[in-house]
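In listed order, ligands and their atoms are each counted from 1. Side chains are part of it too, since the values below use all heavy atoms of this structure and drop only hydrogens, waters and symmetry mates.
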Amino acid sequence: MSDSASDVVIAGAGPYGLSTAAHLSHLGLDIRIIGEPMRFWEANMPEGMFLKSEPFASNLGSPQPGMRFTDLHPGWRIGQPIPLETFIEYGRWFAAEGVPLRSDDQDAQVVNVERAGQNGRNGYAVTLSTGETITAKAVVVAVGVGPFAHIPDELAGLPSWLVSHCSAHRDLTLFAGKEVAVIGAGQSALETAVLLADAGAHPHVIARRQRLDWNTVPEERRSLRDRVLGGPRSGLGTGYRTWLWAERPGLVRYLPEGTRRRIVRETLPPAGSWWLRDRLDERVRVSTGRRPVKAAELADGIALTTVDRSGGRAVTEVEHVIAATGYVPDVARLGMLAPELRGRITTRLGAPVLSRDFEASTPGLYFAGLAAASTFGPVMRFVHGADFAATRIAGHIIRRMPRMRPTAARLADVLEPNTTRQ
Ligand SMILES: Cc1cc2nc3c(=O)[nH]c(=O)nc-3n(C[C@H](O)[C@H](O)[C@H](O)COP(=O)(O)OP(=O)(O)OC[C@H]3O[C@@H](n4cnc5c(N)ncnc54)[C@H](O)[C@@H]3O)c2cc1C
């Protein structure tokens, strides 16, 4: 496959990659976005799932008007859960309308990124699974949560037919008739358990928390009193501080590192959606206040030892364990970055340290999405952060490439992040 050149290569076509592509192409840059649009949502989330985020917090970011979720689905109400397939359809519509896609790039993956030329003078050499190598001035790593799926040490090392991460499953009917332990207390754990029960499996939720928590039904209209006392509504929920984390991620970056990490941990702690609560019925066994400490392979399954706060042990025998135990960003797990490049990226606790424009310590390399959460806070874990990230990244790249400056009006559009767009 022949080599080629491009201004920017974006690795990953989820909400962050697509939003960044929309902003960059609007500026007239020559971009390549690699990966099938919304692939992770289609392949790694369970059939039958609904989004937890409300419609106004489920928009991809575009400099063009008319690209919000409700532009495709006018009248979709707050409190009306969005089915997974409806959101995938929105993401693919957004991609078709606002992003220059190449069909061969949709079947490709980025397999290697390394610095090009002496000391990276020529930017980056990006190799695709097709064998093509693209030389690019900038690379945006928008690979989402998938590479960071976390399985606790106590469960790690067992074969995947016994222990898997929840992101490994789209079709839960494979577990029909089976005893399955689901570890975790967040939306993924609770929804996986309900969908397992719907599929005819026998799920057992095991949660470290003392009790399960549930979000309340969002009100479409809020009284003035509620708004003053409860704080404004935002893409992450209601409350004054929550609003700040959701709507002003640029300010979060200036908080001390420990505070940022605490905010990421504590904002939206594990809880189920209000609409899931009634569906978690007697078909699902729930054990709270217990954490797994050991897992041993049996002839026909797995023996899971858990312990409660007072040290009381229990052994549960199941045929499979699904770890709904989250995602932990760690640059070391991004095998597509050449070791020499990875070694140059400054990290803290595995996450890249990023500039105000999402640039890593290696000039021209940007990280969007979960990998940016320890810098910009919890909104980077959600679709709602995509427009902010895309606007900042595109603005920085275009400033770096003066010969490609677009018209003044378009430039003002990206350099004014607080401008309201329809
Ligand atoms: C079960 C579940 C439910 C969720 N529900 C919500 C919700 O309701 N609302 C919300 O806001 N957030 C939700 N999230 C979080 C959601 O994952 C993120 O908000 C969102 O996906 C972030 O977009 P992204 O573009 O960073 O990542 P992704 O959507 O994961 O997109 C990244 C893409 O990059 C691709 N990729 C990875 N490696 C490569 C490579 N080497 N080359 C090319 N492509 C690559 C992946 O296949 C993927 O398609 C949920 C997450 C999970 C797991």
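Here the heavy atom of the protein found nearest to atom 3 (C) of ligand 1 is M49 CE, 3.6 Å. For atom 38 (N) of ligand 1, the closest heavy atom belonging to the protein is V143 CG1, 3.4 Å. Protein heavy atom at the shortest distance from atom 31 (O) of ligand 1 is G14 CA, 3.2 Å. Nearest protein neighbour of atom 25 (O) of ligand 1, counting heavy atoms only, is Y16 N, 2.9 Å.
The M336 neighbourhood of ligand 1 comprises atoms 41 (N), with distances under 4.0 Å to a heavy atom of that residue.
Checked by distance only, ligand 1 and E36 stay at 3.5 Å or farther apart across all their nitrogen or oxygen atoms. Annotation: V383 places an N or O atom under 3.5 Å from an N or O atom of ligand 1; distance criterion only. For G146, no nitrogen or oxygen atom sits less than 3.5 Å from a nitrogen or oxygen atom of ligand 1, counting backbone and side chain alike. Taking only nitrogen or oxygen atoms, main chain and side chain alike, G369 does not reach within less than 3.5 Å of ligand 1. Residue-to-ligand polar distances place S53 within reach of ligand 1: an N/O pair is separated by less than 3.5 Å. Close N/O approach between W41 and ligand 1 is found [any backbone or side-chain N/O within under 3.5 Å]. For ligand 1, one of its N or O atoms has an N or O atom of R381 under 3.5 Å away.
When G12, S58, A13 are ranked by how near their heavy atoms come to atom 45 (C) of ligand 1, first place goes to G12.
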Between R32 and E132, is the salt bridge (Lys or Arg N to Asp or Glu O under 4.0 Å) condition met? List the steps.
CA-CA 12 Å; R32 297 276 297 271; E132 180 183 2; 2.9 Å; yes
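S355 approaches F376 most closely through the heavy-atom pair O-CZ, 3.4 Å.
Ring pair F94/Y90 is perpendicular by interplanar angle, where above 60° counts as perpendicular and below 30° as parallel.
Under 3.5 Å, the side chains of N215 and K52 contain a donor-acceptor pair of N or O atoms.
Contact annotation: for C166 versus ligand 1, there are no heavy atoms closer than 4.0 Å. Only side-chain heavy atoms of M45 come within less than 4.0 Å of ligand 1; its backbone N, CA, C and O stay farther off.
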